[in-house]
2 protein chains.
Amino acid sequence: MKAKKEITIYDIAKKLKYSPSTISRALNDHESISKNTTLLIKKVAKEMGYRPNSLAASLRNNKSKTIGIMISRINRPFVSSLISGIEETARKAGYNVIISQSNDKYENEVINAETLYNSRISGLIVSLSMETRKLEHLRRFMDQGIPIVFVDRVPDELDIHKVIIDNYTAGYKATQHLIEQGCSRIAHFAGAQHRNVYRERKKGYLDALKDHHLPVDNDLIVSFKSLSFGEGEKATRNLLDLPQPPDAIFSANDTAAVSAIMYAKKRGIKIPEELAVIGFNDDPIASIVEPALSTVIHPAIKMGQISAQRILQHAAEEDENNSPEVTVLPTELLIRDSSKKKA
Amino acid sequence: MKAKKEITIYDIAKKLKYSPSTISRALNDHESISKNTTLLIKKVAKEMGYRPNSLAASLRNNKSKTIGIMISRINRPFVSSLISGIEETARKAGYNVIISQSNDKYENEVINAETLYNSRISGLIVSLSMETRKLEHLRRFMDQGIPIVFVDRVPDELDIHKVIIDNYTAGYKATQHLIEQGCSRIAHFAGAQHRNVYRERKKGYLDALKDHHLPVDNDLIVSFKSLSFGEGEKATRNLLDLPQPPDAIFSANDTAAVSAIMYAKKRGIKIPEELAVIGFNDDPIASIVEPALSTVIHPAIKMGQISAQRILQHAAEEDENNSPEVTVLPTELLIRDSSKKKA
DNA sequence: TCGTTTTTTGCAACCGGTTGCGGCTCAAAT
DNA sequence: ATTTGAGCCGCAACCGGTTGCAAAAAACGA
């Protein structure tokens with residue numbers, strides 16, 4: 001249990017009769033150190049088993065090679081894939097990733113922001129909690145020039161970095177697909193409307209109806225709090241009990257869509273003949289439910305990769321030409337059996 | 001973009017005419033500082049907007065308040081729940097969590113271990129990659145007295161901290177349940193046998209058969225590489241093509257179990273009448289597939305919480321009475337329709 | 001009142017890299 | 001021979017807390 005002494009640059013310096021500054025510079029490939037010395041120092045460093053103390057460097061630079069992530073909850077398919085993408089690219093660049101969950105509570109997000117700030121992260125990737133409406137808790141990062149990239153659930157502000165999908169078009173296409181299958185009373189499971197993703201999906205839905213001269217029936221638009229399984233069942237029951245029940249549902253997520261399918265089947269409703277269903281996300285459950293759920297593919301891992309790249313790229317540039325970039329990734333409609341009325 | 005100056009303990013010291021040492025001690029509730037001064041200092045610190053620079057403290061202590069996690073892949077239901085539990089308890093204690101994925105490659109695990117080590121984490125939680133057979137890459141942590149807690153996929157060594165479930169009993173009970181349903185030719189989808197979890201589940205399966213005087217037929221035991229959906233389908237096909245096909249399957253995970261159900265149904269096999277199926281993990285897909293999959297519940301979040309607590313507790317104790325603890329959590333058999341032959 | 005104990009606080013070194021600025025060396029230019 | 005300058009490298013301060021040891025202050029006892 002004796003803690004073996006760590007090798008420092010001072011040890012290398014002493015051994016090689018160089019100054020610590022030279023060792024430091026050599027290890028960082030500083031140009032003002034000759035090729036030969038650099039090579040020698042690196043060789044000896046390796047031999048001695050030197051490993052850099054990133055804490056010391058971080059302290060000096062007041063910046064740790066770490067990317068912070070703020071998300072709602074890790075154990076959701078979309079989120080964990082997102083993180084997976086971030087972690088992968090961050091690590092390749094020698095960055096660590098630290099994670100904080102808000103559990104969709106604004107309050108937690110504020111606390112986590114503070115903690116992450118104190119950790120001197122060099123960049124922050126945020127997918128907003130369901131509750132969040134203000135960005136005050138993130139102001140500090142901006143003031144300090146710490147790059148923030150918003151991903152998926154982003155604020156409406158314009159001059160910020162975003163990595164999103166085209167929710168509007170996805171919603172439009174999903175609805176249009178249902179219309180093309182011959183559906184005319186299409187219900188929509190809508191998420192919280194102050195979150196861009198759900199608002200855009202709904203807008204796409206509405207415009208698709210409009211463009212195809214279908215009436216908008218507010219009874220068919222259900223506002224969800226969390227798009228959970230239970231909520232989905234209840235909503236489906238209400239819809240099916242309507243005097244004129246819908247002949248299709250476009251749900252803003254897969255969980256609710258699957259619950260609709262399962263509940264409707266229990267009632268003896270034929271899917272997709274009597275009720276076509278399409279979801280959003282392509283969660284694993286989408287391909288398991290029967291009939292398999294048509295859905296919109298969300299490039300979660302890629303979104304994570306791109307978000308991380310933005311941070312890394314910002315960290316690499318010494319000057320701060322921070323023109324906020326908005327990246328919109330394409331989605332894809334994945335048609336399975338739950339919406340395929342025509343052969 | 002002007003980086004506002006951070007408040008340090010020196011600023012507080014100057015303002016209050018105390019020395020930085022006193023400030024530092026007061027903020028850490030050091031006993032040798034009088035109650036009054038402590039209170040005063042804390043008040044002023046708050047007023048001035050002081051926030052501790054954990055990097056500096058970490059450097060001095062050569063230990064950052066950070067827990068490292070090594071797992072295979074984040075985007076798997078069990079793993080993301082595990083992390084969720086770790087993150088939650090770690091954060092409550094003021095610790096950060098940094099994550100590294102091995103993608104089930106030993107090579108990556110080695111690299112990640114090195115990176116985490118260099119980050120001066122104060123503890124490490126590890127669920128081994130599928131490939132890992134040696135622990136050399138973790139030796140460094142042990143030598144430095146950095147606590148390691150293994151979770152779920154753990155090594156066979158005895159004198160280490162482990163948080164696991166009783167895979168043997170779970171496997172035994174799952175198999176026994178199938179036997180009680182009247183099944184006599186029970187197949188097993190087994191995972192890599194050098195990983196404790198899969199080995200134990202198989203042992204439970206074998207012992208259950210033995211105890212109920214059922215023969216062990218090696219044709220009915222399929223060795224999987226990764227227990228994936230594709231592998232599951234193929235294995236099921238082979239089993240059903242057998243002269244004497246099985247009347248039940250106990251799969252070491254849900255993915256393969258679900259694939260078996262779906263494939264068998266496609267062949268017109270009745271579940272559970274002709275083929276009873278039981279899985280492991282209770283992934284979301286388990287409750288979606290039809291008939292719903294019986295499975296073994298894995299307390300993933302709790303496992304994460306306990307693992308984190310172990311680390312925190314070790315960090316709290318100044319003396320190192322490191323008697324390795326092994327925590328075995330109970331599992332529960334969740335009987336759904338896929339295995340319910342009798343009413 | 002004065003020495004002794006206990007409490008409270010300060011000094012200064014330390015953790016391990018990083019970096020502005022200045023110095024030294026040696027070759028090319030004048 | 002002297003100047004100039006490019007190439008290499010070292011000095012020393014710095015990042016912001018932490019802590020052993022000693023000193024100062026307060027409390028106590030005789």
Side-chain angles (χ1 to χ4, degrees), chain A residues 3-42 44-45 48-66 94 117-120 122 144 315 318, chain B residues 3-42 44-45 48-66 94 117-120 122 144 315 318:
Chain A
K4 258 181 291 177
K5 181 86 172 50
E6 281 290 319
I7 306 292
T8 72
I9 58 169
Y10 294 94
D11 299 322
I12 306 179
K14 209 171 297 169
K15 179 155 191 171
L16 286 181
K17 302 272 171 52
Y18 272 120
S19 78
S21 349
T22 302
I23 309 295
S24 169
R25 286 194 253 254
L27 293 174
N28 289 308
D29 286 315
H30 195 291
E31 53 198 354
S32 78
I33 304 294
S34 76
K35 271 275 163 296
N36 285 333
T37 340
T38 300
L39 246 49
L40 171 67
I41 290 178
K42 284 191 173 178
V44 173
M48 295 177 71
Y50 168 77
R51 45 198 76 260
N53 186 330
S54 45
L55 288 175
S58 300
L59 172 60
R60 174 64 219 239
N61 303 328
N62 197 33
K63 183 160 292 186
S64 65
K65 283 196 147 193
T66 301
Y117 181 80
N118 291 345
S119 302
R120 266 66 177 176
S122 45
Q144 292 286 336
E318 50 263 30
Chain B
K4 257 181 293 182
K5 183 83 172 51
E6 283 290 319
I7 307 293
T8 72
I9 57 171
Y10 295 94
D11 299 323
I12 307 178
K14 211 172 296 171
K15 180 157 193 170
L16 286 180
K17 301 272 172 54
Y18 272 120
S19 78
S21 350
T22 304
I23 309 294
S24 168
R25 286 192 255 253
L27 293 174
N28 290 309
D29 286 314
H30 196 289
E31 52 195 359
S32 76
I33 304 293
S34 75
K35 270 277 163 292
N36 286 333
T37 4
T38 300
L39 246 48
L40 172 67
I41 289 177
K42 281 192 174 179
V44 175
M48 295 177 71
Y50 168 77
R51 48 196 74 259
N53 186 330
S54 46
L55 288 175
S58 300
L59 173 59
R60 175 63 220 239
N61 303 329
N62 198 32
K63 185 160 293 185
S64 65
K65 283 194 146 196
T66 301
Y117 181 80
N118 292 345
S119 302
R120 267 66 177 177
S122 46
Q144 292 287 334
E318 49 264 27

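Just so it is clear: chains get the letters A, B, ... in the order the sequence lines come, proteins before strands, and each one is counted from 1.
- Along DNA chain C, the nucleotide nearest to B:T38 and the one nearest to B:R120 differ in position, and the one closer to the 5' end is contacted by B:T38.
- Rounded to whole Å, the distance from CD1 on A:I23 to P on D:dC9 is 10 Å.
- Here OH of A:Y117 is found 4.0 Å from CD of B:E6. Values are rounded to the nearest 0.5 Å.
- Within 4.0 Å of B:Y18, counting heavy atoms only, lie sugar-phosphate atoms of the nucleic acid but no base atom.
- For the pair B:S119 and B:S64, the tightest heavy-atom approach, listed with the atom from each and the gap, is O-OG, 3.3 Å.
- Look at A:T37 and you won't find any side-chain N or O under 4.0 angstrom from OP1 or OP2 of D:dC8.
- Protein atom CD1 of B:I33 is 17 Å distant from nucleotide atom P of D:dA24, rounded to whole Å.
- B:K17 comes within contact range of the sugar-phosphate backbone alone, with a heavy-atom separation under 4.0 Å but no base atom that close.
- Among the protein residues, A:N53 comes within range of the sugar-phosphate backbone only, with heavy atoms under 4.0 Å from sugar or phosphate atoms but none that close to a base.
- Within the 4.5 Å cutoff, no side-chain heavy atoms of A:T37 are placed close to those of A:L16.
- The NZ-P distance, from A:K14 to D:dG10, rounds to 15 Å in whole Å.
- Heavy-atom nearest nucleotides on DNA chain C were determined for B:S34 and for A:S24, and the one closer to the 5' end corresponds to B:S34.
- A:T8 comes within contact range of the sugar-phosphate backbone alone, with a heavy-atom separation under 4.0 Å but no base atom that close.
- A donor N or O paired with an acceptor N or O is found under 3.5 Å between the base of D:dG20 and the side-chain atoms of B:R25.
- A straight line from CG of A:L16 to C1' of D:dG10 spans 15 Å, rounded to a whole angstrom.
- Residues A:A45 and A:I12 come closest through the heavy atom pair CB-CD1, 3.7 Å.
- Toward the 5′ end of DNA chain D lies the nearest nucleotide of A:S21, the other residue of the pair B:R60 and A:S21 mapping further downstream.
- The shortest non-hydrogen separation linking A:S58 to A:K65 is OG-N, 4.3 Å.
- Residue contacts shown for A:S58 are absent, as no nucleic acid heavy atom lies under 4.0 Å away.
- In this structure, A:A26 and A:T38 approach most closely via the heavy-atom pair O-CG2, 3.5 Å.
- Axis angle, first five pairs versus last five pairs of the helix from C:dT1-D:dA30 to C:dT30-D:dA1: 50°, rounded to 10°.
- The shortest distance between side-chain heavy atoms of A:Y50 and A:I23 does not fall below 4.5 Å.
- A:T22 and A:S19 share a donor-acceptor pair across their side chains, judged by distance under 3.5 Å alone.
- Taking all atoms of both residues into account, the shortest heavy-atom contact from B:L59 to A:L55 is N-CD1, 4.1 Å.
- When DNA chain C is scanned in the 5' to 3' direction for atoms under 4.0 Å from non-hydrogen atoms of chain B, the outermost contacting nucleotides are C:dT8 to C:dG16.
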